[in-house]
S.K.: 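Can you keep this structure in mind? I'll have questions shortly.
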Protein chains: 2
Amino acid sequence: MAGKKLKVESCNCTIIHNEVVDDVKKGMPQEETLYDLAELFKVFGDTTRIKILYALFQAEMCVCDIAALLKMNQSAISHQLKVLKQARLVKYRREGKVVYYSLDDNHIKQIFDQGLVHIKEKS
Amino acid sequence: MAGKKLKVESCNCTIIHNEVVDDVKKGMPQEETLYDLAELFKVFGDTTRIKILYALFQAEMCVCDIAALLKMNQSAISHQLKVLKQARLVKYRREGKVVYYSLDDNHIKQIFDQGLVHIKEKS
DNA sequence: TAAACATATGAACAATTATTCATATATTGA
DNA sequence: TCAATATATGAATAATTGTTCATATGTTTA
């Protein structure tokens with residue numbers, strides 16, 4: 001309506017550095033990009049999925065193999081593979097009853113390696 | 001006690017590729033490393049924190065600035081900055097009443113850039 | 001076609017977590 | 001010392017999510 005606020009008053013502080021804020025705002029990536037990026041890292045933010053990906057760095061494996069490797073039940077692995085599939089991180093091929101999963105991305109390892117550098121520096 | 005199972009029977013499948021599983025197991029990083037890596041990515045797996053980090057790529061900012069930029073209240077930002085601080089991703093300096101936050105890691109940008117490459121390839 | 005097996009999936013549950021609200025702490029200046 | 005302001009934080013709440021269980025789907029072989 002007529003009296004609609006133009007600016008959401010969400011910070012109760014007297015903003016000190018308007019210029020900085022405006023400049024930074026212009027330099028921010030698109031909202032959608034930031035959302036997608038967070039979604040991607042969310043996928044990496046689970047030990048089970050990290051383990052699956054590290055396993056697949058080494059070899060193509062079927063669901064049962066992964067379950068045995070991680071000592072988890074088949075259902076849990078299958079659910080997580082679905083998440084990885086949706087994020088386009090793994091692909092699969094069927095051979096009879098068996099479904100083989102493998103990596104579908106060359107950047108994952110690099111991302112992980114950079115992550116490890118951070119961890120080692122800060123520990 | 002005496003009858004303790006040596007192997008947890010968590011996968012109900014007949015394991016097909018024992019050799020692959022054993023080899024992969026040997027090549028897996030330490031449990032703790034994988035856990036830490038997942039914890040790091042968990043920090044990146046939130047839009048608000050991603051935004052804060054992207055903001056800090058550009059400039060040092062105080063809590064109020066960030067709150068104004070993201071149109072979120074000061075408390076929410078402060079909580080998230082705490083998470084980023086604990087992960088050693090940001091550092092801060094106090095100047096009177098104002099606390100300025102800035103990046104404490106050079107790898108973040110590279111990790112994010114690789115993430116963006118993945119997103120763009122797959123969209 | 002039926003049995004056996006590998007995988008997928010929906011529902012339920014427990015655990016984690018982001019945000020809000022209220023309030024505490026810390027610093028400055030009057 | 002008191003008021004004002006910036007930031008931090010504990011508790012509560014709502015939403016998300018990982019795992020399990022039960023069961024469905026799909027494939028092979030007898």
S.K.: Provide, to the nearest angstrom, the distance between the CG atom belonging to Asp65(A) and the P atom belonging to dC5(C).
M.R.: 17 Å
S.K.: When you measure only distances, ignoring hydrogens and angles, does the side chain of Gln74(B) come within 3.5 Å of the base of dA8(D) through a donor and an acceptor?
M.R.: yes
S.K.: With ring-ring contact (aromatic ring centres under 6.0 Å, His included) as the rule and sequence neighbours excluded, what pairs involving residues 51-74 of chain A come up?
M.R.: Tyr54(A)-Phe57(A), Tyr54(A)-Phe112(A), Phe57(A)-Phe112(A)
S.K.: Measure all distances between protein nitrogen or oxygen atoms and nitrogen or oxygen atoms of nucleotides 15-19 of chain C, and list the pairs falling under 3.5 Å.
M.R.:
from	atom 1	to	atom 2	distance (Å)
dA18(C)	OP1	Arg49(B)	NH1	3.3
dA18(C)	OP1	Arg49(B)	NH2	2.8
dA18(C)	OP2	Arg49(B)	NH1	3.2
dT19(C)	OP1	Thr48(B)	OG1	2.7
dT19(C)	OP2	Gln80(B)	NE2	2.7

S.K.: May I ask you to list the residues sharing a hydrophobic cluster with Val117(A), side-chain cutoff 4.5 Å, ordered by chain and number?
M.R.: none
S.K.: Would you mind reading off the distance between Gln86(A) atom CD and dT17(D) atom P, rounded to a whole angstrom?
M.R.: 11 Å
S.K.: If you link I, L, V, M, F, W and Y whenever their side-chain heavy atoms are under 4.5 Å apart, who else ends up in the same group as Ile16(B)?
M.R.: Val98(A), Tyr100(A)
S.K.: Rounded to whole angstroms, how far apart are NZ on Lys85(B) and P on dT7(D)?
M.R.: 11 Å
S.K.: Measure NZ/Lys82(A) against C1'/dT7(C) and give the value in whole Å, please.
M.R.: 12 Å
S.K.: Closest approach of Asp105(B) and Ile108(B), non-hydrogen atoms and distance?
M.R.: OD1-N, 3.2 Å
S.K.: Listed by chain and number, what are the side chain to side chain contact (heavy atoms under 4.5 Å, CB included) partners of Ala55(B), not counting sequence neighbours?
M.R.: Val24(A), Met28(A), Met61(B), Leu69(B)
S.K.: Can you list the residues that meet the side-chain hydrogen bond (donor to acceptor under 3.5 Å, both in side chains) rule with Asp113(A), with sequence neighbours excluded?
M.R.: Lys109(A)
S.K.: Identify all side-chain donor-acceptor contacts of residues 80-90 of chain B below 3.5 Å with residues at least two apart in sequence or on another chain.
M.R.:
from	atom 1	to	atom 2	distance (Å)
Gln80(B)	OE1	Arg49(B)	NH1	2.8
Lys85(B)	NZ	Tyr101(B)	OH	3.4

S.K.: In whole angstroms, how far is the P atom of dA6(D) from the OH atom of Tyr92(B)?
M.R.: 19 Å
S.K.: Please determine whether any donor N or O and acceptor N or O are separated by less than 3.5 Å between the side chain of Ser75(A) and the base of dT7(C).
M.R.: no
S.K.: Check the phosphate of dA6(C) against Tyr101(A), side-chain N and O only, distance under 4.0 Å to OP1 or OP2. Yes or no?
M.R.: no
S.K.: Who passes side-chain hydrogen bond (donor to acceptor under 3.5 Å, both in side chains) against Glu95(A), sequence neighbours left out?
M.R.: Arg93(A)
S.K.: Are Leu37(A) and Ile119(B) packed together at the side-chain level, in the sense that at least one heavy-atom pair is separated by less than 4.5 angstrom?
M.R.: yes
S.K.: Do any N or O atoms of the protein come closer than 3.5 Å to N or O atoms of nucleotides 26-30 of chain C, and which pairs are they?
M.R.:
none

S.K.: Rounded to the nearest angstrom, tell me the gap between atom OH in Tyr100(A) and atom P in dA8(C).
M.R.: 13 Å
